[in-house]
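Encoded as structure tokens, the structure appears first; notes follow it.
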Amino acid sequence: MLVRVVLLARVLVCVVLVERVFVGVALVERVFVGVASGGRCGASYLGRSVRGMNRTDRLYALVEELRAVSPRPRSARWLATHFEVSSRTIERDIGALQEAGVPIWAEPGRTGGYVLDRSRTLPPVNLTAAEAVAMAVALHRLAGTPFAGPGATALRKLVAVLPAADAAEAHRLAGRVHLIGDGPATPVPATVADAVTARRVLRIRYADRAGIDSVRDVEPLGYLGNPRHWYLLAWCRLRDELRCFRTDRIEDVRALPEVVVRELRLTDLDIPHERVRPLSLV
């Protein structure tokens, strides 16, 4: 079967960017939702008063303060004085950030403190309302692909980082855009969508084009896409060769503990090279 890769380069560049955008944004779903307002703060932060700052704002401010001085540390005592809260409050806030995946660690010693890894974060990215809607349209086209879930998460994070006025304008503009169709009717199972990243052997029940089921262990190696379907590229241990499994024909899937070590090369595909090429993020 000859299929070509759907070129989602620009979309995935945006997904990667939004996933890494302002590490505080990642807390919108994992920390900020449901967090009660914390201690009140005084002093000033980045040119504006932080008196009366609630916990949500303080978490953002902590990240930006640590980013501003990175790779130098800030002690819990210094941060507590700066935000006019207790050291225990700062320690709880840092703990919440760390649990959410923010790359903060503690350096021991008299001159130690908390340090943020700037190389793994990006400062806030400002987008226009039109750019935000363009992202929404592009991400909409991911429906039915292995990247639909991350695309939806990226879109929520994108909206979360927009200033209120820009977000309102983006919503108004989005209301004027109308789309027909939602992509393939059958979504890709989450375990299959995560398979290549997780690098775990899968046990699948698969129905071939004649509807005949078989159970087999496969080593996920990549994805192949055309305008109609997505395929999981995997080494089939039952057939002892590379096979393409249409994702909507995978009826059941279970991840096994065994790690995949095999790598996929373009030359492994039985497809004319002029018809297929790997996705690029540049």
Side-chain angles (χ1 to χ4, degrees), residues 1-16 18-19 29 138-156 179-273 275-281:
M1 178 180 297
L2 300 180
V3 292
R4 63 186 179 83
V5 174
V6 173
L7 300 179
L8 297 171
R10 291 191 178 184
V11 174
L12 292 184
V13 166
C14 294
V15 171
V16 171
V18 174
E19 284 290 341
E29 294 175 341
L139 292 173
H140 171 82
R141 301 304 179 189
L142 294 178
T145 76
F147 309 102
T153 302
L155 183 58
R156 288 195 295 270
L179 303 172
I180 298 175
D182 295 319
T186 305
V188 178
T191 304
V192 176
D194 297 337
V196 174
T197 302
R199 298 193 65 78
R200 290 292 189 272
V201 174
L202 299 181
R203 179 161 295 160
I204 65 174
R205 187 172 77 248
Y206 185 74
D208 62 18
R209 66 180 63 187
I212 300 175
D213 288 357
S214 62
V215 176
R216 57 185 81 192
D217 292 352
V218 302
E219 302 174 28
L221 301 176
Y223 300 110
L224 193 65
N226 67 17
R228 293 186 300 169
H229 301 293
W230 277 83
Y231 300 81
L232 176 67
L233 291 170
W235 186 265
C236 178
R237 293 183 173 178
L238 179 65
R239 306 301 182 195
D240 197 30
E241 63 182 354
L242 184 67
R243 287 293 182 95
C244 296
F245 299 95
R246 216 171 86 178
T247 56
D248 61 339
R249 289 179 179 167
I250 298 177
E251 300 178 339
D252 188 50
V253 58
R254 180 165 62 92
L256 303 180
E258 187 177 352
V259 176
V260 175
V261 295
R262 196 186 305 269
E263 295 290 344
L264 176 69
R265 298 169 300 180
L266 186 59
T267 54
D268 293 332
L269 301 177
D270 187 21
I271 301 173
H273 293 173
R275 297 197 61 183
V276 61
R277 61 178 177 177
L279 182 68
S280 173
L281 293 182

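Not measured: the values here are computed from a predicted model. Numbers for residues simply follow the sequence, beginning at 1.
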*Sequence neighbours excluded, which residues qualify as side chain to side chain contact (heavy atoms under 4.5 Å, CB included) partners of R199?*
V260, E263
*What residues form a side chain to side chain contact (heavy atoms under 4.5 Å, CB included) with A190, not counting sequence neighbours?*
none
Considering all heavy atoms of both residues, which atom of [X] and which atom of [Y] are nearest to each other, and what is their separation?
{"X": "F245", "Y": "A234", "result": "CE1-CB, 4.0 Å"}
{"X": "C244", "Y": "L224", "result": "SG-CD2, 4.1 Å"}
{"X": "Y223", "Y": "A195", "result": "OH-N, 3.9 Å"}
{"X": "D213", "Y": "A207", "result": "OD1-CB, 3.3 Å"}

Are the side chains of [X] and [Y] in touch, meaning some heavy atoms are under 4.5 Å apart?
{"X": "R254", "Y": "T191", "result": "no"}
{"X": "T247", "Y": "T145", "result": "no"}
{"X": "V215", "Y": "D252", "result": "no"}
{"X": "V259", "Y": "R200", "result": "yes"}
{"X": "L232", "Y": "I204", "result": "no"}

*For the atom pair OH (Y206) and CD (E251), what is the distance rounded to the nearest 0.5 Å?*
10.0 Å
*Between atom CG of D270 and atom CG of L242, what is the distance when rounded to the nearest 0.5 Å?*
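Reported to 0.5 Å precision, the distance equals 9.5 Å.
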So, using salt bridge (Lys or Arg N to Asp or Glu O under 4.0 Å) as the criterion, who are the partners of [X] when residues are at least two apart?
{"X": "D208", "answer": "none"}
{"X": "R262", "answer": "E219"}
{"X": "R216", "answer": "none"}
{"X": "R239", "answer": "none"}

*Report the C-alpha distance between D217 and E258 in whole Å, list the side-chain angles of each, state the deciding distance to 0.1 Å, and finish with yes or no for side-chain contact (heavy atoms from CB on, under 4.5 Å).*
CA-CA 11 Å; D217 292 352; E258 187 177 352; over 6 Å; no
*Sub-3.5 Å donor-acceptor pair from the side chain of Y231 to the main-chain atoms of R243, do we have one?*
no
